[in-house]
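Next up is a structure, given as structure tokens.
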2 protein chains.
Amino acid sequence: MTRKPLAATLALGMGLAAAANANEGMWMPTQLPELARTLKVAGFKGDPKQLADVTAPPLSAVVRVGGGTGAFVSGDGLLLTNHHVAYGVIQYNATKDHNTIDEGFIARGRDDERAANPDYRVLVTVGFDKVTDEVLKDARGKTGRGYYDAVENARKRIVADCEAEAAVRCSVANMYYGSDFYRIRQLELTDIRLVYAPPRAIGNYGDEIDNFMWPRHTGDFTLLRAYVGKDGKPAPYSKDNVPYQPPAHLKMALDGPREGDYAMLAGYPGTTYRLRTADEFANQIDTVLPRRVEVFQQLIDTIEAVGKGNADARTRYASQLQSLKNNRKRAAGELEGLLRSDAKAQRAADEQAMLAATDASYKADIDALFASLAEERAVGERELLVGLMSSQTQLLRSALLLERLRIESAKPDAERESGYQQRDQALIEGVLKQVQRRYDPTVEKAILTALLTRYQQLPDDQRDAHYDNLFGRTPAELAKHLDELYAQTTLGDEAQRLSRFEAARKGGFIESDPLVSVASALVMAQLNDERQSKERQGEQLRLRPSYMQALFAWRAKQGRAVYPDANSTLRISYGKVEALHPRDAVSYAPVTTVAGIVEKNTNTVPFDAPKPLLAAIAKGDFGSTADPALKTQTVNFLTNLDTTGGNSGSPVLNAKGELIGLNFDSNWESVSASWWFDPRYKRAVHVDMRYLRWLLAKVYPAPELLREMGVPAE
Amino acid sequence: MTRKPLAATLALGMGLAAAANANEGMWMPTQLPELARTLKVAGFKGDPKQLADVTAPPLSAVVRVGGGTGAFVSGDGLLLTNHHVAYGVIQYNATKDHNTIDEGFIARGRDDERAANPDYRVLVTVGFDKVTDEVLKDARGKTGRGYYDAVENARKRIVADCEAEAAVRCSVANMYYGSDFYRIRQLELTDIRLVYAPPRAIGNYGDEIDNFMWPRHTGDFTLLRAYVGKDGKPAPYSKDNVPYQPPAHLKMALDGPREGDYAMLAGYPGTTYRLRTADEFANQIDTVLPRRVEVFQQLIDTIEAVGKGNADARTRYASQLQSLKNNRKRAAGELEGLLRSDAKAQRAADEQAMLAATDASYKADIDALFASLAEERAVGERELLVGLMSSQTQLLRSALLLERLRIESAKPDAERESGYQQRDQALIEGVLKQVQRRYDPTVEKAILTALLTRYQQLPDDQRDAHYDNLFGRTPAELAKHLDELYAQTTLGDEAQRLSRFEAARKGGFIESDPLVSVASALVMAQLNDERQSKERQGEQLRLRPSYMQALFAWRAKQGRAVYPDANSTLRISYGKVEALHPRDAVSYAPVTTVAGIVEKNTNTVPFDAPKPLLAAIAKGDFGSTADPALKTQTVNFLTNLDTTGGNSGSPVLNAKGELIGLNFDSNWESVSASWWFDPRYKRAVHVDMRYLRWLLAKVYPAPELLREMGVPAE
């Protein structure tokens, strides 16, 4: 079988037209020269070739920060990211006298810039190289677990070789589901300082109520600065360090966005599923999401029912309940969006046409892939239930953690399962300690009753014999077993948990307890599931590339390029500033103004706009940052750019490549976009850089920083 | 003092320009010829003089129905009103086999039209005559209670004389707060039949969730038919009755509304406060509404706190709690709107300018009016608290009702206070019976503790000595009194209440009970308050006309006509189809389409669109009722017409006087419009007649009715 690399991308190089949704796509920068024609049609004024190299300007200004993205905005390492991405840094610098969260922070000169928490990192990409052959060399000819292990071992070896160089962090990214692998080398900057943060009531105005909402009025930005040793190399915090000179920095635009303007964005989107098979789409829509909604709702009802007569239990489970409600809402929203977009039928029709046109040489692999995915689907409910039994309980989770920790700790640290290594032990200890505040035996038994009753109803071939033995086959047996278990276990006592933790982390014998005995059997089932899962993952890693090749060929026929699903590597999206028509008769303008801050203000969290901000709005002194058409100060804007989680803090650029915005959220209607991009509803929400400039000029002044960014200081 | 009648209206006759808000105003039809110029500028194509006579076409087609408005739409008495105005009629005709609410109803021919509940009435106005001199003749020279009684007696006498004619119902309407009085003669039609009602999921699609909301997708209409005896005179239901031939009926338009189109509406708006004094505005905004929000919230918190540990109490008080929450929301919404419109400052500036320009002859009366209103304000909190002690309790309310019933029943029926006459006794008995399902002693004591604690904190001159004696002056005394009272009273027992009811309705002795003794003292305080209130009402009735004259003169100088505050008499509003921009970056189109029905549909009440409707939408066969520009079927539309409660069922007419819509709601942003008309936010929500025509043509067909209304039947 001959693999044609990125056939679809090349097709565009042959001059074919772009897809219907010109704004869909999280492109690898290396793909952009191929998209030159559509970029130009979309309005881009620069040279697409300049965007192809992630290690050269301007993309070398775009870096990973915390769990999101950031961009250098001065030659002296000044770094722009979201308030919520820098939240830990702001919180870390709060003191009794200065609540940096509520009041914000403005450094009085560079000497006053405050060190971030020591584990805060900024990663600057310095290398991006294809290593597909090296990764797959040993895997070829193998199947299943053998394929999986060969790939994993190759990846670990490449990372270890790469990191032999000091202060470089390396990783191997998997593109197109095993079709291609890239080695990414990143400079790890470890001295990051807080320079400017607006008050919470600006940086997080609206909080959870406005989260996912548009129109939006949030100044979700913060300025940091990266420092390095005097030798220019990464170094931990030191007074003697000097500002980092980044390989590039972005130029702040003087004009702002208008409806229809070209816009583009660079960042590190986390995970998407757009290239999954039609069956995976159908399963997500027909089964996975409805099941999640149903099970989460059942757990919500269960906890609320017990809580009704039990104020103490209500308090202990308040945060867990809120989290379940958020998860339920998110799953329901994703389902609603996928149904609205008719994603299942569209993906199915697309795949059917693709398969009809596919070269016979891929057919066997694709059929085998479908079979492996069907096996995976079959265990979906069991995996959900088993996962929830651990994540939604306190005592059972403790017992499972202790038992697994004991097993893993008997191995050399490097061979232990991730999550049970030396560095994970503090986290495990924390979980064991928090039980005291979050546990109520009646609630935990009710949760387990709900989950295990569902487990009992799984088909015979889906149940693990360990569960049948431990909990019986009927509701009555289950109730009896749970009552006995929770009456007898001593794990409700913190000292009992912590003494066993000390034993387990040494890989030694754990003192007996009924719940630990149960956990011991359940971990057997867990290990068995993990083995089967890695076997399937190996097969899919081996087989998906054939599906991808079929897709590339099909897209090439359509004249469409294919971007890889998001995987936390640097991507570029392009599109335009665009209004949203979410429902019949409802229109949202793509730019908001300070009038909305006043309208939303209630003087109560989360709509407690700071007095200086309200006064400045009332004064109306917007100067050069006012929008010429709207005659007032803008706040946020909306584009149709393709984003997902991880794009927080992504810089938004105009047609000339100048910085006009800072990405910080999406609209609720696009919560399903991780699977399906619907151009009617997919929007990204950005801070207008003119709002940042106005705040720094007139409200909480920092004229030096404006000058450093090369924009007017007043 | 010389009274110049309606000076401001005459000013327009002199050719002065209209006010800034051309669409503000609930005009008496007699005023319309004076507004001819502005009506023409607004786009009206007809002759304004034709709109002046409420007893001639077209206004004689507009009638009172239930608590709202309706209009004849055929020469055979076919009557169009809202589904919610005819709700009782639809419900009355529900049977075990045919749930007319859920399934709707279509009469198979006239023989199948179903009689309404016997108390359902349609009132056709046949006379509207000024009787100011007759009403005020005896009052002149009197003050206070004397003035009040003279006016009331004159009104009763005029009504009695008028109603001597059979089947005519008469009333005397007070215009401009005692400046003018009109005798209204109305034909009372008593045989009303149900002709066509859509299913609830069309007629009330969205229910409470969509109430006050825009965009809206509700087919809130029903068709009735009025019948009379063979002699053409009103008669109770009889098989032999014949369809009523109304003095006029409205012609259904073939075209629909478009943004910017002229629109007008006729109906019976209930109550507005727009001509109140600046101090009354300030008091409403600074005191009345914040106090209502605060007290309602306190009662909500009180009931919820007791309910937390008491599931039974939660059930018993669920409906009361919901009603308190609605009242709190409504008051908060009204306050928010008045603050947003800056109504207090605007009204104050207007009044100040008026007073500066006012003829000295009115000054003394106006000062005396302000003094009387200040007295009324002073008792505002007491009246609120005393009202809530009765309306929010079960046992205390029962005792108060029994004691007052006993006192009133000793008088001849005609002299009894309204609410305690013969015809009210069934209602009182009902209240006494429902206690059993709605009473919990802990909750009632908590509610009274909250209200009486506030009462204890009133200034000395505001507290009635009866309260001090009964409940003490400190929280501890209050708690002791309430505990004893509720421990000892026997009124928690239904038999105890009903036996006393039998005694009270005869005006006889009521068996003693601690709570009845308390009620006996509180009714003394109540009667005292009522005497003072009537004294003040008399003074205000005497004095407000001077304030009105000053206002007329001031508006005449501004070139503005003055409409009387709404008082359930026939009024006309005119304006246009207009979009709404409720908040920064949010726009609502003025016309909705069936796409919104599908978007909102969840298959669950209240968004459970009927399958035949969804199928018809999917089929897309909209024929002649489709909007030519939108290329689809419209549902509801929005105008800037001036409306308030009572305008439900008002016909909406186009520039040619044809029927284009049926009013059924307002938007939430205009909940404060009963005090202040803000053209930015005030909108009225209507059913597009094309939606009605489409439903009758294609979805739940009734071609005969379409033919009867003179529009295409397909």
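Each chain gets a letter, A, B and so on, in the order its sequence line appears, and its residues count up from 1. The shown structure was predicted, so the numbers you read here are calculated from the model rather than taken from an experiment. Values below: all heavy atoms of this structure, side chains included; hydrogens, waters and symmetry mates excluded.
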Heaviest contributor of heavy-atom pairs below 4.5 Å to chain B, chosen from A:A595, A:A585, A:P215, is A:A585
Separation between OG1 (B:T592) and CZ (A:R583), nearest 0.5 Å, reads 12.5 Å
Bottom line for A:K600: the part with an atom under 4.5 Å from chain B's heavy atoms is neither
Taking atom CZ as the centre, does B:R340 end up with more than 12 heavy-atom neighbours from other residues, nucleotides or ligands that are less than 6.0 angstrom away?
yes
Q) Is there a donor-acceptor contact under 3.5 Å from the side chain of A:D584 to the main chain of B:T593? A) yes
Under 4.5 Å to a heavy atom of chain B? For A:V591 that would be backbone
Honestly, the part of A:H217 sitting under 4.5 Å from a heavy atom of chain B is side chain
Item checked: Crowding at NZ, B:K698 (>12 non-hydrogen neighbours, <6.0 Å) -> yes
Check the surroundings of atom CZ in A:R291: do more than 12 heavy atoms from other residues, nucleotides or ligands lie under 6.0 Å from it? yes
Bottom line for A:R314: the part with an atom under 4.5 Å from chain B's heavy atoms is side chain
